[in-house]
Amino acid sequence: MADGIIKKLSEDVVIFIFFRLPVKSLMRFKFVSKSFFALIQSSTFINLYLYSPTTSRDEYILLKRCFIQENNQYKTILSFLSGDDDDYLNPIFQDLDVTHLTSTRNCDHDQLIGPCYGLMALMDTQTTILFNPSTRNYRPLRPSPFGCPQGFHRCIQAVGFGFDTVSNDYKVVRISIIYKVDYDDEYPEERDRKFEVYDLGIDYWRELDNLSQELTTFCVTHCSQMFYKGACHWIASLDIDAYIILCFDMSSETFRSLKIPESCHIINGPTCRLALVHDTLTLIYYPYPETEIPVEKDLINIWFMKEYNVYESWIRKYTIRGLLIDSPLTVWKGLLLYQSRSGCLMSYNLNSNDIREFSFHGYPKSLRAIVYKDSLTSIPRESEHTKQVYKF
């Protein structure tokens with residue numbers, strides 16, 4: 001019967017109707033008829049659905065948080081949230097326990113990166129989990145095979161995830177520093193830097209050589225990465241005061257940098273966090289979380305780069321005073337979402353100045369949040385040796 005209905009309707013009409021449905025509802029139609037199943041599974045429809053016009057009502061929040069358990073082990077939870085007109089956050093799925101997919105030894109280095117063409121990555125220093133938050137499919141990626149010689153220690157400096165439009169493939173990036181082990185030295189000697197790239201399509205890790213030395217002697221701050229305009233972006237320093245936005249182009253596999261509008265300091269602040277607001281590169285400056293913050297430092301400045309890669313286009317959009325935060329998470333629907341020093345998810349309304357505490361909390365400094373919209377993007381499996389795609 002359903003096949004008879006779809007034949008009476010033009011494909012354009014069906015697609016128009018389906019575009020108005022969230023993925024959770026759309027999935028039910030896959031089992032209504034063979035015609036619906038073929039349409040929804042087609043790469044053409046998946047791409048059209050990904051790039052269909054949306055509003056802020058079609059956006060969701062993915063929240064990652066950790067809880068400390070016995071023996072100093074950490075439990076990692078993902079929460080899928082939607083907003084309403086009163087700025088409340090409501091779960092759209094049950095919380096997911098993904099502890100078995102990531103590190104249980106620490107939570108400071110867990111990264112939540114995306115969305116990138118419909119997919120996200122949950123990463124720590126050893127593990128990368130690629131997943132679609134809408135379909136809830138995921139795939140653990142092959143771990144990097146590169147180690148270091150005996151007597152040396154490898155420290156992961158930064159991780160990234162993005163898409164190469166030239167090779168039409170997803171990539172993972174790892175930047176690490178090799179130190180000589182010296183238990184008597186508080187500051188071990190740096191011996192080398194390693195740059196690794198993983199190509200999802202061929203399920204293969206490789207090391208990069210012949211990179212520009214000027215932009216490879218940096219220090220990357222934790223939790224500062226994002227993918228935008230074909231490149232991974234991190235907040236990094238070339239020395240103690242000269243902070244930049246470090247960029248790694250996924251297609252050319254080269255580094256470049258962007259200047260930031262204010263000075264940033266690794267100690268005593270202000271420090272800064274990258275965000276993407278209305279498809280605009282955004283920097284959030286906030287005070288270093290000291291016990292007592294001097295009045296002159298008690299500022300949060302939010303800057304927008306109106307024209308990408310044009311320094312003169314930086315504009316300071318918002319200034320907030322007297323807001324006690326640990327670190328900002330993202331900006332969404334006019335709300336600055338942030339984590340308090342006690343580990344609670346909070347919001348600050350940039351228009352009304354209202355502050356709200358939500359019922360979501362975790363271990364201090366463990367919260368991560370990403371704005372995303374529904375997608376049907378599948379996780380590629382190109383090799384017979386590739387690990388399977390699983391479902392949360």
Side-chain angles (χ1 to χ4, degrees), residues 50-51 53-56 59 113-117 158-167 171 173 175 195 211-266 269-287 299-320 327-337 350-351 370-373:
L50 179 64
Y51 295 108
T54 57
T55 67
S56 60
E59 294 177 340
I113 308 176
C116 175
Y117 293 83
V159 293
F161 165 67
F163 191 79
D164 178 355
T165 55
V166 174
S167 64
K171 291 180 177 179
V173 181
I175 303 171
F195 305 88
L211 294 171
S212 169
Q213 293 299 310
E214 180 183 358
L215 291 176
T216 55
T217 56
F218 49 76
C219 176
V220 177
T221 61
H222 294 304
C223 310
S224 66
Q225 75 294 311
M226 59 177 283
F227 179 75
Y228 182 58
K229 298 288 186 182
C232 291
H233 294 65
W234 300 275
I235 299 295
S237 64
L238 298 176
D239 57 49
I240 194 167
D241 286 322
Y243 273 73
I244 58 171
I245 299 175
L246 181 70
C247 310
F248 179 79
D249 188 280
M250 281 298 195
S251 296
S252 65
E253 297 185 350
T254 55
F255 285 100
R256 54 186 172 82
S257 65
L258 303 174
K259 291 182 180 180
I260 62 176
E262 291 184 51
S263 60
C264 186
H265 305 273
I266 195 169
T271 186
C272 51
R273 177 70 61 89
L274 287 165
L276 195 61
V277 182
H278 305 307
D279 200 37
T280 300
L281 184 64
T282 304
L283 265 179
I284 306 173
Y285 285 82
Y286 60 100
L299 291 172
I300 298 174
N301 288 325
I302 301 178
W303 290 78
F304 287 1
M305 183 179 254
K306 300 299 288 184
E307 186 176 349
Y308 182 70
N309 203 16
V310 177
Y311 175 76
E312 293 76 16
S313 71
W314 281 114
I315 63 166
R316 186 167 55 190
K317 186 72 172 178
Y318 301 101
T319 294
I320 306 167
S327 64
L329 299 174
T330 190
V331 176
W332 178 60
K333 295 185 178 181
L335 301 176
L336 171 64
L337 297 180
L350 295 169
N351 299 312
I370 285 184
V371 179
Y372 75 97
K373 68 175 188 175

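Model, not experiment: these values are computed from the prediction. What you see below is based on every heavy atom in this structure, not just the backbone, and it leaves out hydrogens, waters and symmetry mates.
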- State, with a plain yes or no, whether a side-chain heavy atom of Val159 is found less than 4.5 Å away from one of Phe161. no
- Taking C-beta and beyond as the side chain, do Tyr243 and Thr271 meet within less than 4.5 Å on heavy atoms? no
- Query: How many angstroms lie between atom CG of Asp249 and atom CG of Asp164, to the nearest 0.5 angstrom?
  - Reply: 8.0 Å
- Begin from the C-alpha positions of Trp303 and Ile260 and carry the test side-chain contact (heavy atoms from CB on, under 4.5 Å) through to its verdict. CA-CA 9 Å; Trp303 290 78; Ile260 62 176; over 6 Å; no
- Message: Can you give me the closest heavy-atom contact between Tyr308 and His233, atom names plus distance?
- Response: OH-NE2, 2.7 Å
- Message: Quick one, Asn309 and Lys229 - any side-chain contact, counting heavy atoms below 4.5 Å?
- Response: no
- Can you see which heavy atom on Val371 is nearest to which on Pro115, and at what distance? O-CD, 3.3 Å
- Would you say Leu299 and Tyr285 make side-chain contact, with heavy atoms under 4.5 Å? no
- Message: Determine whether a donor-acceptor pair (N or O, by modelled atom type, separation under 3.5 Å) exists between the side chain of Thr165 and the backbone of Phe163.
- Response: no
- Item | Distance in Å, Phe255 CZ paired with Cys247 SG, rounded so as to fall on 0.5 Å steps | 10.0 Å
- Would you please name every residue forming a side-chain contact (heavy atoms from CB on, under 4.5 Å) with Asn351, sequence neighbours left out? Asn349
- Query: Could you give the distance from CG (Leu329) to CD1 (Ile284), rounded to the nearest 0.5 Å?
  - Reply: 8.5 Å
- Note on the structure: Output for pair (Thr280 OG1, Met305 CE), nearest 0.5 Å, gives 11.0 Å
- Query: Are side-chain heavy atoms of Ile235 and Leu274 found at a separation under 4.5 Å?
  - Reply: yes
- Message: Within this structure, what is the CZ-OG1 distance for the pair Arg273 and Thr330, rounded to the nearest 0.5 Å?
- Response: 10.0 Å
- Verify whether the ring centers belonging to Phe248 and Phe195 lie closer than 6.0 Å. no
- Message: In the structure I gave you, are the side-chain heavy atoms of Pro261 and Leu283 within less than 4.5 Å of one another anywhere?
- Response: yes
- With Trp234 as partner, the option from Ile244, Ile245, Ile175 fulfilling side chain to side chain contact (heavy atoms under 4.5 Å, CB included) is Ile175
- Evaluate side-chain contact (heavy atoms from CB on, under 4.5 Å) for Met226 paired with Leu281, printing each intermediate quantity in order. CA-CA 10 Å; Met226 59 177 283; Leu281 184 64; 3.9 Å; yes
- Item | Aromatic ring pairing Phe227/Tyr117, orientation class (parallel under 30°, perpendicular over 60°, tilted between) | tilted
- Side chain of Lys171, backbone of Met250: donor and acceptor closer than 3.5 Å? yes
- Side chain proximity check, Leu350 to Ile320, heavy atoms < 4.5 angstrom: yes
- Got a sec, which pairs hit side-chain hydrogen bond (donor to acceptor under 3.5 Å, both in side chains) with one end in residues 310-319, sequence neighbours left out? Asn301-Thr319
